Amino acid sequence: MNMLLLQAVKKTKKIKNKALLLSTALLLSTTAITQVQAQELEIKVTNLTQGIHFTPILIAAHDGDTKLFKSGEMASMALQMMAEGGDISALSAMLTSADKAENPAMGLLAPATSTSAMLSTMDANMYLSVVAMMLPTNDGFIGLNSWKIPSEAGTYSFTINAYDAGTEANDEMITGGGALGVAGIPAAPGMNAGTGGTGVTMTEGNSHVHIHRGNLGDDDLMGGKSDLDNTVHRWLNPVARITVTVN
Amino acid sequence: MISINNKLALTALATFMLSACGGSSSSSKMMPVEEPDPMITYSYQVTVTNLTYAQPMSPIAVLLHNEGQLWTIGEMASVPLENLAESGDNADVLAESIVLSGQSGAGLLLPGMSEVVDISYTFTDVNNAPMMISLATMLVNTNDAFTGVNALAINNLAIGESISLATSSYDSGTEKNSELMATIPGPAGGGSGEGFNAERDDIDKVAMHSGVVSVDDGLMMSALTQAHRFDNPTLSIMVTRME
């Protein structure tokens, strides 16, 4: 009983009217309490890069046990589909009890642009994650992993980094290959890449999710090793800014 | 000549009036004297360290302001910022209309070196205390890279308190990152590289900088070498309120 009460008070901490809360908690403490007032969030994603597009973005508020990805562990097949081909459907399907905002930019998020989504979060969905593939890369993605959503109203802003899913060799060849296990980069949306590259590497030695080492590119748009332009398609971290407004 | 004549005339007039009024000196003491509003000064010490290996920073522009910002990701760079980012000239940034008080660093801030820039603002209305501080400088061995602090809130900084931060680098988006010798105003350009050019031949939006490529990493025509490469952060900054 005491534990239940404690839990109830803890869970409802985020609500401002503490007096009302406490009485509600007391009233309900004899039954299992799962319902907590929703949080209304506005989440803005800014592409900070100068030459990289983001494919459809998946924003999710979820519980403490759910992870879209974990550094140092192998990517799930769902993450791989997102990172190699920009397809967030499998990741989204995996998130059965999460609150989600899918594809707020209605397609690609161009370099140095922003998009926003509203999200109502319920229950135990106290953690925020954001992912989107980066183009042109083989399996690079922007990643926010389980950021604890503050209960206090306010605006919170921070930057995030680029990850490599570890599922595909970074050959930097634009082949249209976006399907699972198909080598190559699906596309360069900026239409500023080259062709005829022989491939930067054919192996992916680190199969765990890790910080992306960046594109290499070259200065030969008709050949060389890479189809990418080394003055356009590189980046330095951070690659995105997340601004969360808790209402 | 004219002004001297005027002064003489004025002195003569004053002498005449004084002698004419006789005992006016005692009556003037009775006149209500308006108390000037007390002057309030806020001063800050800004310590800047260049964290790069071989990117001298152009003279640092430090400014106090109450509104606006020096740049916004995704928006066009202002012409003063373009000038700073392409040539290292901070004069136009320091002359921006939002600036309450502006201060320039002494000169180039070389890699591995630190500099202290003192800046203060004096005002009378207690509500006019400076709200924000901004800072900008060019990485001179680049086409148009800059770094700095954008509208950092300092309104809650008490005397003796400090804020420390490390800065990332941005691309003004106004000049293609060709890295050609003729386009690098810093020493890597041989001293004759072009600075400001009003033409905007890049994405014309401020974004984060992707770093320089260099001749050693696959850009054959680059005037830059492996030594000019940089990563984030590029500056370490500490702002301390002194007064």
Side-chain angles (χ1 to χ4, degrees), chain A residues 44-54 105 109-116 134 136-137 142 155 157-162 172 189-192 194 197 200 211-221 223-226 228-243, chain B residues 51-52 55 71-77 85 139 142-147 150-153 165-180 183-184 201-224 229-234:
Chain A
K44 182 176 164 192
V45 181
T46 304
N47 179 344
L48 298 175
T49 71
Q50 219 208 3
I52 304 291
H53 285 71
F54 299 167
L109 185 66
T113 61
S114 298
T115 184
S116 288
M134 297 166 65
T137 69
I142 64 162
T155 300
S157 183
F158 48 89
T159 55
I160 62 173
N161 296 324
E172 300 189 6
M191 307 305 286
N192 42 19
V200 170
I211 289 286
H212 202 292
R213 60 193 185 275
N215 282 334
L216 181 67
D218 60 36
D219 60 356
D220 182 359
L221 290 181
K225 284 183 178 174
S226 173
L228 307 183
D229 183 332
N230 58 15
T231 66
V232 174
H233 297 122
R234 290 186 175 191
W235 70 82
L236 295 177
N237 281 321
V239 289
R241 177 169 288 281
I242 308 286
T243 307
Chain B
L51 301 176
T52 68
Q55 285 287 346
W71 68 89
T72 306
I73 295 280
E75 290 186 9
M76 286 167 59
L139 286 71
T142 67
N143 289 90
D144 60 341
F146 68 96
T147 180
N150 199 11
L152 174 71
L165 63 159
T167 68
S168 290
S169 293
Y170 301 86
D171 190 311
S172 73
T174 53
E175 180 178 321
K176 247 185 151 65
N177 294 338
S178 66
E179 301 180 18
L180 295 172
T183 66
I184 307 290
D201 61 354
D202 202 356
I203 67 168
D204 205 5
K205 286 175 175 179
V206 178
M208 293 205 63
H209 204 283
S210 53
V212 297
V213 180
S214 85
V215 67
D216 293 317
D217 199 25
L219 187 57
M220 233 182 333
M221 301 301 288
S222 176
L224 309 179
R229 293 168 54 77
F230 60 88
D231 201 348
N232 289 322
T234 42

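This is a predicted model, so every value here is computed, not measured.
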Per-residue tally against chain B (heavy atom, under 4.5 Å) across A/T159, A/D219, A/T113 peaks at A/D219

So, the part of A/T46 with a heavy atom under 4.5 Å from chain B: the answer is side chain

Distance col, row B/K205:NZ vs A/N47:CG, nearest 0.5 angstrom, shows 9.5 Å

Against chain A, residues from residues 210-218 of chain B with at least one heavy atom under 4.5 Å, in numeric order, are B/S210, B/G211, B/V212, B/V213, B/D217, B/G218

Okay, B/F230 and chain A: the region with an atom under 4.5 Å from a heavy atom over there is both

What one should report as the nearest heavy-atom pair of B/I73 and A/A112 is CG2-CA, 4.4 Å

Between A/T231 and B/N177, the two heavy atoms sitting closest are CG2-O, 3.6 Å

One option among B/G74, B/G173, B/S168 has the most heavy-atom pairs under 4.5 Å with chain A, and it is B/G74

Turns out that what part of A/D220 lies under 4.5 Å from chain B's heavy atoms comes down to neither

Okay, A/N215 and chain B: the region with an atom under 4.5 Å from a heavy atom over there is neither

So CG of B/L219 and CG of A/D218: to nearest 0.5 Å the spacing works out to 10.0 Å

- Check: A/N237 and B/N232 side chains under 4.5 Å, non-hydrogen atoms: no

Contacts satisfying salt bridge (Lys or Arg N to Asp or Glu O under 4.0 Å) that involve residues 165-175 of chain B (not counting sequence neighbours) are none

Applying a strict 4.5 Å limit to non-hydrogen atoms, the region of A/L216 in contact with chain B is side chain

